[in-house]
K.L.:
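Quick one: the structure is below, and I'll ask about it shortly.
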There are 2 protein chains.
Amino acid sequence: MTGEDREARTATPPRRGRPPAGRSTLSRTAIVDAALALIDDDGVEAVSMRTVARRLRVDPKSLYNHVADKDALLDGVAERVISLVRVPKPTGDARADLRAVCLAYREAALAAHPRAATLVLTRRVESAGSLAPLDAVLSILARAGHPPAAAVHVVRTVLAFMTGTLLREADAAAPFGTDDFGTAAARTAALRESGFPAVGEAAPHLARCDHEHEFLTGLDLILDAFGSRAPRATDGSEQS
Amino acid sequence: MTGEDREARTATPPRRGRPPAGRSTLSRTAIVDAALALIDDDGVEAVSMRTVARRLRVDPKSLYNHVADKDALLDGVAERVISLVRVPKPTGDARADLRAVCLAYREAALAAHPRAATLVLTRRVESAGSLAPLDAVLSILARAGHPPAAAVHVVRTVLAFMTGTLLREADAAAPFGTDDFGTAAARTAALRESGFPAVGEAAPHLARCDHEHEFLTGLDLILDAFGSRAPRATDGSEQS
DNA sequence: ACCTGAACACCGTTCAAGT
DNA sequence: ACCTGAACACCGTTCAAGT
């Protein structure tokens, strides 16, 4: 902070033209880094081409030499975060391995960069860097005997559950501190007075949420459900 | 369009001060209506205080007399769409009744206002008008013998799955036409060349998606899973 | 109680001109 | 190949002044 001040005071006036040979200040990855750091500090809504450029001490328009537009930049951030998923080594126990990948995904998307989570969950990202977790899950399922069509279906169901759950976690984290007491009481009261009988009855349970427990038990439920459907042994072709 | 031109040419110069008595041009619901209509026509990203105001032939700043800010306006739109869910009459068959509410939710959130879907799925809305579907689900579960804590857990798991699934449907609808052939082939090829073996293997299945089938079978899977856990009969208190 | 003029501090993006 | 000055067409929002 004081370091930044000193640098700002010493700053040479912005030079024009190509930068001095080897000193290629800017790059796509540097820009994505800056955007992610900005999101970590101030949230997604703080991202603008101008604020990102400010962080890099660069003219906003310079970004367009490395990134198509703001939308592409945000895609880049989402992709980067997914690429941070540390896919665990498979043990051979399909169910446990699936669970482990899901936990790693939650770790990267939610714990490491909580304020970038909505980006990751909300944007359709399918570029090279982000396919590793998908590949891991598909190969676990293949080894367990699921034909590709069935495996894709499992992936989609699990991913849908995870997206919904993590999205809920992500924006619960924003307004309230993780486990808030006062607001839980207020929310209970509000739900009680809503005029909806069943909502009123369940009010205290609706007002607070143990996110981790919710995630783990929901995931187990779904994995159990798929586990109880015996996968086809070796044959890939089926009647439909 | 020609009608608009004519009106625009005839338009009286904007009058100042309070409008002529009974003619209260503006209201919160009128503004939400206009925003929703705008979203239906041009998508969420087309919404600005200025475009909404233009649609109402009103000064942008006038909106602030009825709506706190743009964020509150978008909340209002999400709430309105949820309030459009037509909760079906319960038949007494808990499983079928749950399924019916979920289908109604999908109908309202996705079929009726597809371009507003992300708004509904993405914003935490808990105000009076949008609690009806939640109340319906909770009362179905209560009647089936689930104690409140368990019922809330079921709701959360099902809602997470629905959020993820409908979000996927919503932004698949945007880029591609519902069932695209050419792009499916292109996507298959791209996934094959990704260098990830399991992804390559499953490429044709990843490239296309029967959204309705995916939704229905996923939902059945989850409902089956909960169905196989016998609900506690009458007693609400348990050991934990 | 509700509207608007003037104004502020922002945006994303283009393009030609520089080195 | 990469940077920037000038510029365009937008934003959300405030506030005092009007009726």
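Worth knowing before you read on, the calculation uses all heavy atoms, side chains too, and leaves out hydrogens, waters and symmetry mates.
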K.L.:
My understanding is that only residues two or more places apart in sequence, or in another chain, count here; which of them pass side-chain hydrogen bond (donor to acceptor under 3.5 Å, both in side chains) with A/Arg106?
P.N.:
A/Glu169
K.L.:
Mind telling me whether A/His213 and B/His153 have parallel, tilted or perpendicular rings, with 30° and 60° as the class edges?
P.N.:
tilted
K.L.:
Could you write out DNA chain D as a dot-bracket string, with dots for unpaired bases, | for bases paired across to another strand, and Watson-Crick or G-U pairs counted at under 3.5 Å?
P.N.:
||.|||||...|||||.||
K.L.:
I'd like to check A/Leu166 versus A/Tyr105 (side-chain heavy atoms, cut-off strictly below 4.5 Å). Are they in contact?
P.N.:
yes
K.L.:
Among C/dT4, C/dG12, D/dT4, which nucleotide sits nearest the side chain of A/Lys70?
P.N.:
C/dG12
K.L.:
Could you tell me how far C/dA9 sits from D/dA9 if I compare only their P atoms? Round to whole Å.
P.N.:
22 Å
K.L.:
Counting neighbours of CD on A/Glu79 that are heavy atoms of other residues, nucleotides or ligands and sit closer than 6.0 Å, is the number greater than 12?
P.N.:
yes
K.L.:
Between C/dT4, C/dC3, C/dT13, spot the one nearest the side chain of B/Lys61, thanks.
P.N.:
C/dT4
K.L.:
I'd like to know if A/Arg80 pairs up with A/Asp75 as an ion pair, taking the criterion as any Lys NZ or Arg NE/NH1/NH2 lying under 4.0 Å from an Asp or Glu carboxylate oxygen.
P.N.:
no
K.L.:
Please determine whether a side-chain nitrogen of the Lys or Arg among B/Asp71 and B/Arg123 lies less than 4.0 Å from a carboxylate oxygen of the Asp or Glu.
P.N.:
yes
K.L.:
Counting the atoms with a prime plus P, OP1 and OP2 as sugar-phosphate, which does B/Asn65 contact under 4.0 Å by heavy atoms, base, sugar-phosphate, or nothing?
P.N.:
base
K.L.:
Give, ordered by number, those residues of residues 39-54 of chain B having at least one heavy-atom distance below 4.0 Å to an atom of DNA chain D; if nothing qualifies, reply none.
P.N.:
B/Ser48, B/Met49, B/Arg50, B/Thr51
